[in-house]
Number of protein chains: 2
Amino acid sequence: MSALDRLFTERGVRPTPLRREVLALLYEADRPLTWKEAFARLSPSGVNKVSLYRTFSLLEEKGLVHKVLGADGAWHYCAHPLERPGCPGNHAHFLCLQCGRMTCLVEQAIPTVDLPEGYAVEGKQLLAYGRCPSCSETQG
Amino acid sequence: MSALDRLFTERGVRPTPLRREVLALLYEADRPLTWKEAFARLSPSGVNKVSLYRTFSLLEEKGLVHKVLGADGAWHYCAHPLERPGCPGNHAHFLCLQCGRMTCLVEQAIPTVDLPEGYAVEGKQLLAYGRCPSCSETQG
DNA sequence: CCTCAGGCTGAAACTCGGTTGCAAAAAGTA
DNA sequence: TACTTTTTGCAACCGAGTTTCAGCCTGAGG
C-alpha cells in the first residue's frame, strides 16, 4: 500500500484513481493549485469538471488539503505535508496577480487576531499579492 | 459644496447622484458592504445592477474606498475615513460566516510579510472569519 | 458466483456573481 | 443650438461552482 493510499484510508476516504491522481498532482506541484490549473493538467486523462470539484471539496473536508481564497477570487488548494497531515495551513500565502501562481510562505505564521468578547474565530488567512520574481522581470 | 462632493472633485470624479448615494451609504454603514448588501439597500431607488458594479470599481480605482475579498468569495467595499482619504485599508477584517457582515479591525494592522528577493507586493489582506457576537448567541 | 445497496462518476442543466457591448440620456463645451 | 464626452440602463454573455439524476463500480452477504 502506497503512502498516499495510507493517507486516504486513515481518513476514511476510498482511494479511487481520480483521488489518487488529484492528490498526487497537488504533492507534485508543491504549491496551492486552483481548480483551473488542476483541470488543465489533468485534462489529458479526460477528467470530468464536476468530479474534480467534488474531489477537491472531499479532500478539504477530510483534512487532506487546505484551501486559500486568492485575490483573484478563486480557491487555491494545497496538500498538507506528508509528515504532518492535518496541518491547518496556518501560514501566509503570496499570490502573483500576473501568472496566478500562489506560493506558501510556510515560515510566516499568521499572527493572532485580537477580537472583542463574543467573536468566535473559525479560521483566518493572510494573503499578500503582487508580482512574483519571474513576472517582475518579464514586465517593466 | 458638501464634504462628499469635495472628495469627489479632489479625485477627479464627477459627483453624480448615484455616486453620492453609494458613497453616502458606505459612510453610513461604517463597515464593508458587499455589492449585494448595497443593492438591497438601494433597490427602493431603482438602481441598475451594472451601474452599481461600475460605481464600486470606480470608487475603488480612485482611492475613495478599499475592497476586501471575504471567505464567502464576495468583495466587500469599505469607505475610507473622511479625515484621511486615501487610506489603503491596512488593517485586519472579520467576516461573520452566518450573517455575512464584515467588520473592520482598525486597531489590528496587517503585519509585514517577509518575502524572498524579487517579489513585488502590491497589497495584502488579513481576514479572520467565524461568528460575530450576535450570531454566536442565536445559535448553540 | 450472484445479487443487492451504497458510494463514485459523468453529463446536462442551472444558479449566481460579475462583465461586455451598445444605445439612450445627461452634462459639459463652444 | 450643436457637438462631444461621460454616464446610465438594458440585454446578452461569461465563468465558477452546484444540483440533479442516471449509470457504473465496488464491496458485503448469501
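Here is the naming used below: chain letters follow the sequence lines, and residue numbers restart at 1 for every chain. Keep in mind that what you see is a predicted model, and the values were worked out from it rather than measured.
Residues B:Leu52 and B:Trp35 have side chains in contact (heavy-atom distance under 4.5 Å, counting atoms from C-beta outward). You'll find the side chain of B:Leu33 stays beyond 4.5 Å of the side chain of B:His76, heavy atoms only. Two residues are said to be in side-chain contact when any heavy atoms from C-beta on lie closer than 4.5 Å; A:Gln108 and B:Val113 meet this criterion. Annotation: side chain of A:Met102 is in contact with side chain of A:Val68 (closest heavy-atom distance under 4.5 Å).
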Using a 3.5 Å cut-off and no angle test, enumerate the donor-acceptor pairs between side-chain atoms of residues 15-26 of chain B and protein atoms at least two apart in sequence or in another chain.
unit_1	atom_1	unit_2	atom_2	d
B:Thr16	OG1	B:Arg19	N	3.3
B:Arg19	NH1	B:Arg14	O	3.0
B:Arg20	NE	B:Asp5	OD1	2.8
B:Arg20	NE	B:Asp5	OD2	3.2
B:Arg20	NH2	B:Asp5	OD2	3.1
B:Arg20	NH2	B:Pro15	O	3.3
B:Glu21	OE2	B:Ser45	OG	2.9

Side chains of residues 53-65 of chain A: which donor-acceptor partners sit under 3.5 Å, not counting sequence neighbours?
unit_1	atom_1	unit_2	atom_2	d
A:Thr55	OG1	A:Ser51	O	2.7
A:Ser57	OG	A:Tyr53	O	3.0
A:Ser57	OG	A:Arg54	O	3.3

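A search for side-chain contact (heavy atoms from CB on, under 4.5 Å) contacts involving A:Ala109 returns nothing, not counting sequence neighbours. With sequence neighbours left out, the side-chain contact (heavy atoms from CB on, under 4.5 Å) criterion links A:Cys96 to A:Phe94, A:Gln98, A:Cys99, A:Cys132, A:Cys135. For A:Ala40, the side-chain contact (heavy atoms from CB on, under 4.5 Å) criterion is met by no residue, not counting sequence neighbours.
What separates CD of A:Glu21 from C1' of C:dC8 is a distance of 15 Å, to the nearest Å.
The rotation axes computed at either terminus of the helix from C:dC1-D:dG30 to C:dA30-D:dT1 lie 10° apart, taking five pairs at each end and rounding to 10 degrees.
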Could you pull out the protein-nucleic contacts involving nucleotides 25-30 of chain C (nitrogen or oxygen on both sides, under 3.5 Å)?
none

Look for any protein N or O under 3.5 Å of an N or O in nucleotides 10-20 of chain C and output each such pair with its distance, or none.
unit_1	atom_1	unit_2	atom_2	d
C:dG10	OP2	A:Ser51	OG	3.0
C:dG10	N7	A:Arg54	NH2	2.7
C:dG10	O6	A:Arg54	NH1	3.4
C:dG10	O6	A:Arg54	NH2	3.1
C:dG18	OP2	B:Tyr53	OH	3.4
C:dG18	N7	B:Lys49	NZ	3.4
C:dG18	O6	B:Lys49	NZ	3.2

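Within the structure, salt bridge (charged side-chain N to carboxylate O under 4.0 Å, His left out) pairs that include any residue of residues 34-44 of chain A comprise A:Arg31-A:Glu37 (at least two apart or interchain). Applying the side-chain hydrogen bond (donor to acceptor under 3.5 Å, both in side chains) definition to pairs two or more places apart or across chains, none involves residues 112-122 of chain A.
Taking a heavy-atom distance under 4.0 Å as the criterion, the stretch of DNA chain D touched by chain A extends 5' to 3' from D:dA16 to D:dT20.
Aromatic pair A:His91/A:His66: centroids less than 6.0 angstrom apart.
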